[in-house]
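Beneath this line is the structure, given in structure tokens, with notes to follow.
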Amino acid sequence: MARKILCVAEKPAIARAVATHMSGGSFQTHSVRGNQYVKNYEFEFNFGAPWGSCSVTMTSVIGHLTGLDFERQYRGWQSCPPGALFEAPVKEEVDEKKMPIAENIRNQARYSKALFIWTDCDREGEHIGTEVRTQAMSGNARIEVRRAKFSNTERAHVLRAAREPITLDEFQANAVAARIELDLRIGAAFTRLQTLQLQQVAEILKEKVISYGSCQFPTLGFVVDRYLRVQNFKPETFWGIKVMLQREGIKVNFLWRRVHLFDRAAVTMMLERCLSAKQAKVTKVNQKPKSKWRPLPLTTVDLQMMGSRYLRMDSQKVMKVAEALYTKGFISYPRTETDQFDKAIDLKKLVEKQYPDGRWGQYARELLDGKFRTPRSGRHNDQAHPPIHPVSWVNPSQLNSDEKKVYEFVARRFLACCSEDAKGQGTDIEIQYGEEMFHASGLIVLERNYLDVYVYDKWESSQNLPNFEKGERFEPTEANIFEGKTTAPGYLTEPELIGLMDANGIGTDATMAEHIAKIKEREYVVVNERGSGRSKVSELIPTKLGTALVEGYDNVVADLPNSISLSKPFLRKEMELRMLEICAGSKTRQEVVQQSLDMYREVFIHTQRRIAMLKTACRKYLVPE
DNA sequence: GCAAGGTC
């Protein structure tokens with residue numbers, strides 16, 4: 001009998017795609033008792049030396065198999081002081097719902113010579129791989145374990161991954177294990193402490209869970225930070241000089257190089273000097289081609305930001321809709337950090353699939369008639385998923401209105417990536433007037449190219465500039481002083497928040513939207529709709545509770561030399577750096593867990609000692625006088 | 001009743 005090899009992917013869709021390539025399209029599908037999504041695919045495959053031709057069962061898990069929790073006697077909120085959770089024993093157990101999946105792996109492993117792990121090639125994937133290995137080995141202790149290294153599900157790439165397996169990266173798996181333990185201990189300890197303490201302070205907190213998490217709190221911190229900047233904003237008056245020339249029936253406005261100053265007397269004096277010079281001199285006339293670059297291939301973070309901005313959906317909604325489109329086979333996997341297309345992907349074939357569309361089908365045809373350009377490459381590659389792109393065309397009548405909007409965006413974005421940049425002719429004119437420099441610029445859009453399909457970008461020709469020659473002199477039609485006031489920044493919008501989280505390493509592409517949803521659910525922030533119609537913006541405003549928590553924690557650590565407030569992203573960032581050290585092999589999991597726990601324990605003890613400050617902040621905002 | 005991370 002042929003040797004048997006068990007393959008396990010991170011999710012059903014990958015199992016199916018890999019099985020399709022390895023089997024050349026002919027495999028048997030068996031359902032798995034107890035789970036409707038996971039399937040076992042059986043087929044023959046020649047792995048080459050040393051395995052040779054084998055019968056294969058390809059199956060999957062659905063993300064992590066296990067979860068970490070405290071031992072039973074520590075799960076009650078009154079069972080121990082919250083601080084004890086820094087040391088309380090924890091155990092990893094297969095989730096109740098994942099039991100049938102784990103059992104399937106144990107059963108399949110029993111008759112298998114080897115286990116090939118096909119989880120995503122990222123940190124979480126390595127950890128999920130160890131969970132799969134544990135199950136397989138408990139079914140068959142002698143099973144040999146390998147790992148397939150792949151970054152997309154293109155056929156040749158998959159086949160090579162099957163024939164050139166590597167080993168699991170224990171360092172990366174350990175880094176995730178450390179993250180899991182830290183998130184649990186720190187999250188639970190602070191959540192219980194602040195919930196139990198603050199519930200006593202105000203009537204409206206009585207039944208509330210006041211959660212703390214290393215991601216949700218910095219997310220809240222960003223919202224409060226902006227809110228306070230808006231509240232504390234004091235407008236300042238500034239003055240500037242504007243110069244206008246009327247020529248060939250066109251009014252040309254020249255902008256001051258200094259933009260504006262906050263000293264009226266100084267500006268007045270500068271203007272006087274200009275006026276007494278009478279004539280201005282053209283110091284530069286620059287004609288140069290300008291281009292507006294087509295967008296980069298689409299990542300999750302970008303999809304969420306663009307979704308909030310142009311599709312009027314919050315980030316969680318966009319992701320839900322994108323997942324539905326993915327599950328139905330219309331777009332590629334929507335969780336990716338990759339903004340470069342692999343060379344192996346046949347992009348033209350994907351463009352061709354858009355031919356039937358009434359809105360951009362013609363544009364797609366023109367691309368393949370010679371206008372096609374290889375997409376730009378960004379600098380990110382998660383080695384697991386390609387940029388988000390349409391994989392098949394769908395008739396809009398088959399989609400609901402949100403799905404239509406997201407699919408349209410993904411399709412237009414993809415076609416834009418495969419297009420030429422927009423081209424234009426720019427003119428910059430610089431003049432010297434007295435001692436001061438001014439400039440005017442014009443733009444003529446010559447070729448719209450990608451703009452024709454990517455309706456979300458705007459790039460318009462400006463008013464035509466009249467002719468100027470370098471060295472010529474003219475007397476301006478007008479030269480005036482103008483007055484203005486600095487304006488407050490707006491409240492934080494969701495796309496801005498996602499940008500901040502991304503830049504500060506708070507959450508992952510897949511979880512950022514969840515953290516924002518979490519702080520809404522906890523009533524730390526609310527969404528305020530301002531304006532109407534096209535100019536409508538959704539602003540995030542902290543509630544009194546959200547403001548009180550941030551203020552309270554800031555006060556608690558205000559006079560500590562090294563403690564950084566929990567509302568800031570730095571602690572999480574530090575944890576991230578330590579995880580990278582585990583990945584590099586320079587620190588062990590145990591060292592990192594101990595170090596990080598020590599750091600957070602210090603803040604915890606301090607918070608406990610000064611719990612009155614947290615309570616005072618809550619009372620200040622939440623208890624009526 | 002707590003976290004964050006996978007995925008459905």
Side-chain angles (χ1 to χ4, degrees), chain A residues 9-15 32 35-39 60-70 74-80 82-86 88 90 92 95 97-98 101 119-132 172-173 175-199 205-219 300 319-320 322-324 326-328 333-335 382 384-385 501 505-519 521-522 566 571-572 575-576 579 596 600:
Chain A
E10 186 165 320
K11 45 191 163 269
I14 296 286
V32 170
N35 189 291
Q36 56 170 317
Y37 302 108
V38 174
K39 302 279 185 260
S60 75
V61 289
I62 300 182
H64 287 283
L65 272 179
T66 64
L68 191 71
D69 205 350
F70 297 105
Y74 293 91
R75 293 192 195 166
W77 284 38
Q78 307 289 346
S79 66
C80 63
L85 298 178
F86 281 97
V90 289
E92 189 184 77
D95 291 344
K97 283 187 214 138
K98 307 283 178 70
I101 302 174
T119 50
D120 294 352
C121 291
D122 53 25
R123 226 157 53 182
E124 297 293 330
E126 298 304 316
H127 187 267
I128 294 169
T130 64
E131 297 174 65
V132 170
Q172 290 194 46
V176 171
R179 198 254 323 139
I180 291 171
E181 181 175 348
L182 288 168
D183 283 336
L184 172 68
R185 291 189 184 281
I186 296 161
F190 276 97
T191 297
R192 287 191 198 176
L193 173 72
Q194 65 187 28
T195 301
L196 295 173
Q197 291 290 329
L198 298 177
Q199 276 181 343
L205 298 180
K206 275 267 153 38
E207 301 298 321
K208 266 202 177 96
V209 172
I210 305 168
S211 63
Y212 168 81
S214 57
C215 287
Q216 48 177 280
F217 246 54
T219 305
T300 306
M319 288 313 291
K320 256 189 99 169
E323 265 157 40
Y326 161 69
T327 314
K328 294 180 197 169
Y333 188 65
R335 282 176 222 150
D382 62 20
H385 308 286
M501 294 172 74
I506 300 300
T508 67
D509 52 359
T511 60
M512 280 182 222
E514 288 173 32
H515 297 310
I516 299 174
K518 178 67 85 182
I519 60 174
E521 178 195 328
R522 295 286 185 229
L566 293 178
L571 285 172
R572 178 77 197 185
M575 204 160 113
E576 186 61 35
M579 282 168 62
S596 297
Y600 274 94

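Residue numbering restarts at 1 for every chain, and letters A, B, ... go by the order of the sequence lines.
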Atom [atom1] of [X] and atom [atom2] of [N]: how far apart are they, to the nearest Å?
{"X": "A/E124", "N": "B/dG6", "atom1": "CD", "atom2": "C1'", "answer": "6 Å"}
{"X": "A/L68", "N": "B/dA4", "atom1": "CG", "atom2": "C1'", "answer": "12 Å"}
{"X": "A/E10", "N": "B/dT7", "atom1": "CD", "atom2": "C1'", "answer": "8 Å"}
{"X": "A/M501", "N": "B/dA4", "atom1": "CE", "atom2": "C1'", "answer": "11 Å"}
{"X": "A/L65", "N": "B/dG5", "atom1": "CG", "atom2": "P", "answer": "19 Å"}
{"X": "A/K97", "N": "B/dT7", "atom1": "NZ", "atom2": "P", "answer": "16 Å"}
{"X": "A/F217", "N": "B/dA4", "atom1": "CZ", "atom2": "C1'", "answer": "15 Å"}
{"X": "A/I210", "N": "B/dG1", "atom1": "CD1", "atom2": "P", "answer": "17 Å"}

Who passes salt bridge (charged side-chain N to carboxylate O under 4.0 Å, His left out) against [X], sequence neighbours left out?
{"X": "A/D122", "answer": "none"}
{"X": "A/R123", "answer": "A/E576"}
{"X": "A/D95", "answer": "none"}
{"X": "A/E131", "answer": "none"}

Strictly below 4.0 Å: does [X] bring a side-chain N or O up to OP1 or OP2 of [N]?
{"X": "A/R123", "N": "B/dG5", "answer": "no"}
{"X": "A/Y333", "N": "B/dT7", "answer": "yes"}
{"X": "A/R572", "N": "B/dG5", "answer": "yes"}
{"X": "A/R335", "N": "B/dG6", "answer": "no"}
{"X": "A/S211", "N": "B/dG1", "answer": "no"}

query = Picking from B/dG1, B/dA4, B/dG6, which would you name as closest to the side chain of A/R179?
reply = B/dA4
Under 4.0 Å, counting only non-hydrogen atoms across every strand here, what does [X] touch: a base, just sugar-phosphate, or nothing?
{"X": "A/Y74", "value": "nothing"}
{"X": "A/Q216", "value": "sugar-phosphate"}
{"X": "A/F190", "value": "nothing"}
{"X": "A/Q199", "value": "base"}
{"X": "A/P82", "value": "nothing"}
{"X": "A/R185", "value": "nothing"}
{"X": "A/K320", "value": "nothing"}
{"X": "A/Q36", "value": "nothing"}

key: A/H127: partners by ring pair (Phe, Tyr, Trp, His ring centres under 6.0 Å), with sequence neighbours left out   = A/H64
inquiry  = For the backbone of A/F70 and the side chain of A/R75, can you confirm whether one donor and one acceptor N or O come within less than 3.5 Å of each other?
reply    = yes
query = Is the side chain of A/Q194 donor-acceptor paired with the backbone N or O of A/S211 at a distance under 3.5 Å, no angle test?
reply =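 Yes, because the side chain of A/Q194 sits within donor-acceptor range (under 3.5 Å) of the backbone of A/S211.
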note = Sorted by number, residues from residues 507-515 of chain A placing a heavy atom under 4.0 Å from DNA chain B are A/G507, A/T508, A/A510, A/T511, A/E514, A/H515
ask   = Aromatic rings A/F190 and A/Y212: how do their planes relate, parallel, tilted or perpendicular, breaks at 30° and 60°?
value = tilted
message = Would A/Y212 count as stacking on B/dA3 if stacking means ring centres less than 5.5 angstrom apart and planes tilted under 30 degrees?
response = no
